[in-house]
2 protein chains.
Amino acid sequence: MTSKWRELADRLAKQIRNGEYQPGQPLPHIRTLVEAGEGSKSTVHMAYKALEAEGLVTSSRGHGTVVRHRTPLKRLGIARYDKAKWRDGDEVAFIADRVASGRPYHRGEQTQTVSRVEGSHLVTSALGLPDGAEVYARARLVKEGDQPTHTLTSYYRPEHVEGTRIVDPSPGPAGRGGGFRVLFDAGYEIDRMRERIFARMPTAEEADLLSLPAGEPVVELHRTTCTADGTVVEFAVGVHAASRFSWEYDFQVPDSARDGERA
Amino acid sequence: MTSKWRELADRLAKQIRNGEYQPGQPLPHIRTLVEAGEGSKSTVHMAYKALEAEGLVTSSRGHGTVVRHRTPLKRLGIARYDKAKWRDGDEVAFIADRVASGRPYHRGEQTQTVSRVEGSHLVTSALGLPDGAEVYARARLVKEGDQPTHTLTSYYRPEHVEGTRIVDPSPGPAGRGGGFRVLFDAGYEIDRMRERIFARMPTAEEADLLSLPAGEPVVELHRTTCTADGTVVEFAVGVHAASRFSWEYDFQVPDSARDGERA
DNA sequence: TAGTGGTCTAGACCACTTC
DNA sequence: AAGTGGTCTAGACCACTAA
């Protein structure tokens, strides 16, 4: 026997997926369904909480419960790191990205704070430093319009960035060309990257910071960037609202019998 | 003013993150906290549901509520597709993966059903077929021990696989060497792949099939595989329990000014 | 002010597990 | 049988939004 609220939730979920309730459209009010005999207020409420946790609707006091819009996922490919963008032009990677997707750029869509902190184990080991070493942390909160979409925090070895614009970033987001340009000007041209990604539920703080609706996971991205000689010059951690992004990677099928020991 | 159950949940979450409640250890019983004055049974229950939705604990009737184990994420890199594994040896990709990570392989850890179906738009467009065309679908449910970890469904153009072992798979998972080997033997050597990944909450059916605890997201993987001449020979969709996997990609920073038009 | 969802209570009862 | 979490009710009250 499946519970009363689960049955109601499944029925409504089916109707949402069918298109009987369109995105943006309100679901029946809780009290309406109570009068319709779907159960007590708490029971119907439980069904609505479940739909919220499944990412199908959002409820808000005073308003009601509406079907969530499914914004198309923004595709993130490695082309967003194109050297031509930040080396030859003035663009910052994320702005170039914005331009490419036809969305407007507004000042204030990215906040940034730079600080010198003791690195966590994750950070120091990625940068090849001993535990407890100090690093520079450049933390950004990126928004689209007034909706936050993700955080991105870059960590640098102090000797790589001391005296550069990264440490004292007056003119906007890390200045002309962004962080990779600054490293480039300091003699560190980035050459290879490794991205590691996984998903989880947000902490309560992250849900607050990114104003995530209940039932929205986050994708955590760990990016390690190094120069041609293998020096790691940046390690970055991103926390992305899962409903906004997808990641795309193209690669050759490896063949260790032919490539030798490359993997 | 933050609600009573939220305060309780936050307090418990903090204690879990602190390590005051270790993985596998039980939280206080609901009725205990009721007697301790944390509120009514429903109130405490709400706090526990929240912790469950945040992926921190699992509750079960008859037992109690215990802190979830955080199994280390299995790292999936492109080396798992190494041609040497399936072309020269007898291994199936996922088994080789298992061996590499030191986990035992048992028969029955993968179920498989093959059928000829009308492809969804996603599938047909990936395979370069007209809408509504028929394709072969090879659906696997992969387990580790008795816990399902992910589903993976491969779609093929009928003319590529008709008459091969894929269509009539008697000896285990697609036979010696797996699907790529069968394609190889049929004259289609895979050469390039594109993977696209994103996260979302599972549907109720997926949560059931993968026996996901409440508050566990899934990662959906779309894999397009083609031969050297660009023919798409496989399109696969995977649904992975998010707490079990991470994906890793290495790549060269692109430079359109030097590479010409490659992205 | 009227209407929305959200919180909270007290208590009955159910489903499941362990002993 | 005893103890666990889960469901459900009826109703009071709160927080927020809109007209």
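Keep in mind that what you see is a predicted model, and the values were worked out from it rather than measured.
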Roughly how many Å is it from CH2 in Trp5(B) to C1' in dG5(C), rounded to a whole number?
13 Å

Please report, rounded to the nearest Å, how far the P atom of dT7(C) is from the CZ atom of Arg31(A).
14 Å

Separation of dT4(C) P from Leu27(A) CG (nearest whole Å)
14 Å

What residues 47-62 of chain A contributes to the DNA chain D interface at heavy-atom separation below 4.0 Å is Arg61(A), Gly62(A)

Tell me whether Arg17(A) is salt-bridged to Glu54(A), with the criterion being a basic N under 4.0 Å from an acidic carboxylate O.
no

Here the distance between atom C1' of dA15(D) and atom NZ of Lys4(B), to the nearest Å, is 17 Å

When you compare the side chains of Thr149(B) and Glu144(B), does any donor N or O come within less than 3.5 Å of an acceptor on the partner?
no

Decide, yes or no, whether a salt bridge links Asp10(B) with Arg6(B) under the criterion of side-chain N to carboxylate O below 4.0 Å.
yes

Distance check: side-chain N/O of Ser42(A) vs OP1/OP2 of dT7(D), anything under 4.0 Å?
no

Should Lys41(B) be listed as having a side-chain N or O under 4.0 Å from OP1 or OP2 of dC8(C)?
no

d(CE, Met46(B); P, dG5(C)) in whole Å
17 Å

Whole angstroms only, please: what is the CD-P distance between Glu7(B) and dG6(C)?
19 Å

Does OP1 or OP2 of dT18(C) have a side-chain N or O of His63(B) closer than 4.0 Å?
yes

Picking from Thr58(A), Val67(A), Leu56(A), Thr65(A), what satisfies side chain to side chain contact (heavy atoms under 4.5 Å, CB included) with Leu51(A)?
Leu56(A)

Can you tell me the distance, in whole Å, between the NE2 atom of His45(A) and the P atom of dC13(D)?
19 Å

Atom CZ of Arg70(B) with >12 non-hydrogen neighbours under 6.0 angstrom:
no

For the pair Glu206(A) (side chain) and Thr203(A) (backbone), establish whether a donor and an acceptor sit closer than 3.5 Å, ignoring hydrogens and angles.
yes

Interatomic distance, Arg6(B) CZ vs dC8(C) P [rounded to whole Å]:
12 Å

Counting only side-chain nitrogens and oxygens, does His29(B) get under 4.0 Å of the OP1 or OP2 atom of dT4(D)?
yes

Has Glu216(A) got a side-chain atom pairing as donor or acceptor with Ala242(A)'s backbone, closer than 3.5 angstrom?
yes

